[in-house]
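Just so you know, ligand 1 is whichever comes first in the structure, and atom 1 is the first atom listed for that ligand. Atom set for the values below is all heavy atoms of this structure, side chains included, hydrogens, waters and symmetry mates excluded.
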Amino acid sequence: MYLDFYGLREKPFSATPDPKFLYLTRRHRDALAQLTYGVQNDVGFVLLTGEVGTGKTTLLRTLLSRLDGATAAAFVFNSTLSFDGLLEYILEDFGIAKAGDTPAQRLVALNNFLIERHRAGQRTILILDEAQNLTLETLEQIRLLSNFETPTAKLLQILLVGQPELRTKLRLPAMRQLQQRITLRFSIGPLSPEETREYIYARLRIAGARDLGIFTPRAIHR
Ligand SMILES: Nc1ncnc2c1ncn2[C@@H]1O[C@H](COP(=O)(O)OP(=O)(O)OP(=O)(O)O)[C@@H](O)[C@H]1O
Ligand SMILES: [Mg+2]
């Protein structure tokens, strides 16, 4: 197999967002630091955008793998769900048993879950990946989820992550209120040529390559 031939333990460029292969450019590092800050502080909504394939989902997986035991996260990556479907999914992801049969009962169950966690000094975050596909109606309902609060604290930190169209969507007049709640926003851009070279070498190294010359500078340039 080609892996043996090149002295690799595994495929260096598999298309899954595996955090093990994460190569942090300065922007990725900043983004991860900001995301971490966002989930550890009551900042309201956090928005992360970036073009297709710039590593957003990989960053999120990394963030998840670094969360401490006192933080629970629901990770939604199916943005074609209706809000009710989303809510069901979120409750399931948080492991909330007996969530009720109607959307209203599910909202109550989620609220109780959040209050209990808050009392125990625990954090709860909701991550919505691929959020550019969410409808305006669903986004508005998600905004209402951030109304779960005590007089002093938000009970749910929400991370909206998606492609640049998400920003465009959020600028629509109907999204005014959600837009106002976003206190932390940043984007990650594509890799520079130098970063691309470092990125390729980093992945080869992680996959076990000893000879990094298997990618010539010309191949990288292309
Ligand atoms: N900084 C990085 N370090 C390691 N791998 C990366 C990095 N950026 C992207 N990748 C790789 O590129 C591919 C796409 O990354 P990822 O799925 O995280 O991008 P994305 O921004 O979520 O894209 P999309 O907008 O299509 O969802 C994956 O195979 C991932 O491993
Ligand atoms: Mg993604």
Side-chain angles (χ1 to χ4, degrees), residues 1-3 6 8-39 45-67 73-81 85-86 89-90 93 125-136 138-139 142 157-171 175 182 184-210 212 214-215 217 219-222:
M1 279 294 296
Y2 90 92
L3 290 183
Y6 289 115
L8 299 170
R9 281 190 301 270
E10 56 186 309
K11 290 183 186 164
F13 300 103
S14 134
T16 51
D18 182 347
K20 186 175 75 183
F21 279 105
L22 183 67
Y23 164 66
L24 291 169
T25 64
R26 197 172 54 79
R27 265 161 314 174
H28 283 91
R29 211 181 302 278
D30 285 352
L32 191 58
Q34 299 229 46
L35 284 175
T36 309
Y37 175 87
V39 301
F45 277 88
V46 177
L47 173 69
L48 166 64
T49 49
E51 283 292 346
V52 177
T54 43
K56 301 180 297 296
T57 303
T58 312
L59 267 186
L60 291 177
R61 296 235 172 258
T62 307
L63 178 78
L64 284 178
S65 71
R66 293 186 185 179
L67 291 177
F75 189 11
V76 178
F77 44 84
N78 186 342
S79 51
T80 59
L81 289 172
L86 212 77
Y89 182 93
I90 293 167
D93 219 19
I125 61 175
L126 169 61
I127 302 176
L128 297 155
D129 198 6
E130 307 270 353
Q132 76 277 353
N133 296 327
L134 295 169
T135 64
L136 297 186
T138 305
L139 281 167
I142 288 165
Q157 289 295 310
I158 304 177
L159 267 50
L160 290 174
V161 182
Q163 292 162 8
E165 301 87 84
L166 177 58
R167 277 183 186 249
T168 317
K169 220 171 220 183
L170 292 172
R171 276 197 288 268
M175 294 287 96
I182 300 174
L184 201 58
R185 63 185 72 220
F186 46 96
S187 56
I188 39 179
L191 301 184
S192 70
E194 264 149 71
E195 288 169 342
T196 306
R197 190 185 57 219
E198 281 309 309
Y199 165 69
I200 290 174
Y201 288 162
R203 288 195 82 118
L204 286 172
R205 248 182 252 118
I206 296 166
R210 273 155 304 200
L212 297 180
I214 56 185
F215 269 79
I220 291 172
H221 185 70
R222 289 180 61 177

May I ask you to list the atoms of ligand 1 that are less than 4.0 angstrom from any heavy atom of [X]?
X    : result
V52  : 23 (O), 25 (O), 26 (O)
E130 : 27 (O)
G53  : 9 (C), 14 (C), 19 (O), 20 (P), 21 (O), 23 (O), 24 (P), 25 (O), 26 (O)
T57  : 17 (O), 18 (O), 20 (P), 22 (O), 27 (O)
T58  : 15 (O), 16 (P), 18 (O), 30 (C), 31 (O)
Q163 : 24 (P), 25 (O), 26 (O)

Exercise for review: Report yes or no: does R61 have a heavy atom closer than 4.0 Å to ligand 1?
Suggested key: no
Review point. Would G50 count as a contact of ligand 1 if the rule is a heavy atom under 4.0 Å away?
Key: no
Are [X] and [Y] side-chain neighbours, meaning at least one heavy-atom pair lies under 4.5 Å?
X    : Y   : result
L60  : F75 : yes
I142 : L86 : yes
D93  : I90 : no

Review point. So how far is it from Q132 CD to L139 CG, rounded to the nearest 0.5 Å?
Key: 10.5 Å
**Study point:** Approximate separation, where rounding is to 0.5 Å, of T49 OG1 and R185 CZ
**Key:** 9.0 Å
Review point. For the side chain of R29 and the backbone of L24, is there at least one donor-acceptor N/O pair under 3.5 Å apart?
Key: yes
Exercise for review: Answer yes or no: is there a donor N or O on one side and an acceptor on the other, between the side chain of K169 and the main chain of L134, under 3.5 Å?
Suggested key: yes
Review point. Do any nitrogen or oxygen atoms of G55 come within less than 3.5 Å of a nitrogen or oxygen of ligand 1?
Key: yes
Review point. So, T58 and the Mg ion (ligand 2): N/O/S under 2.8 Å, yes or no?
Key: no
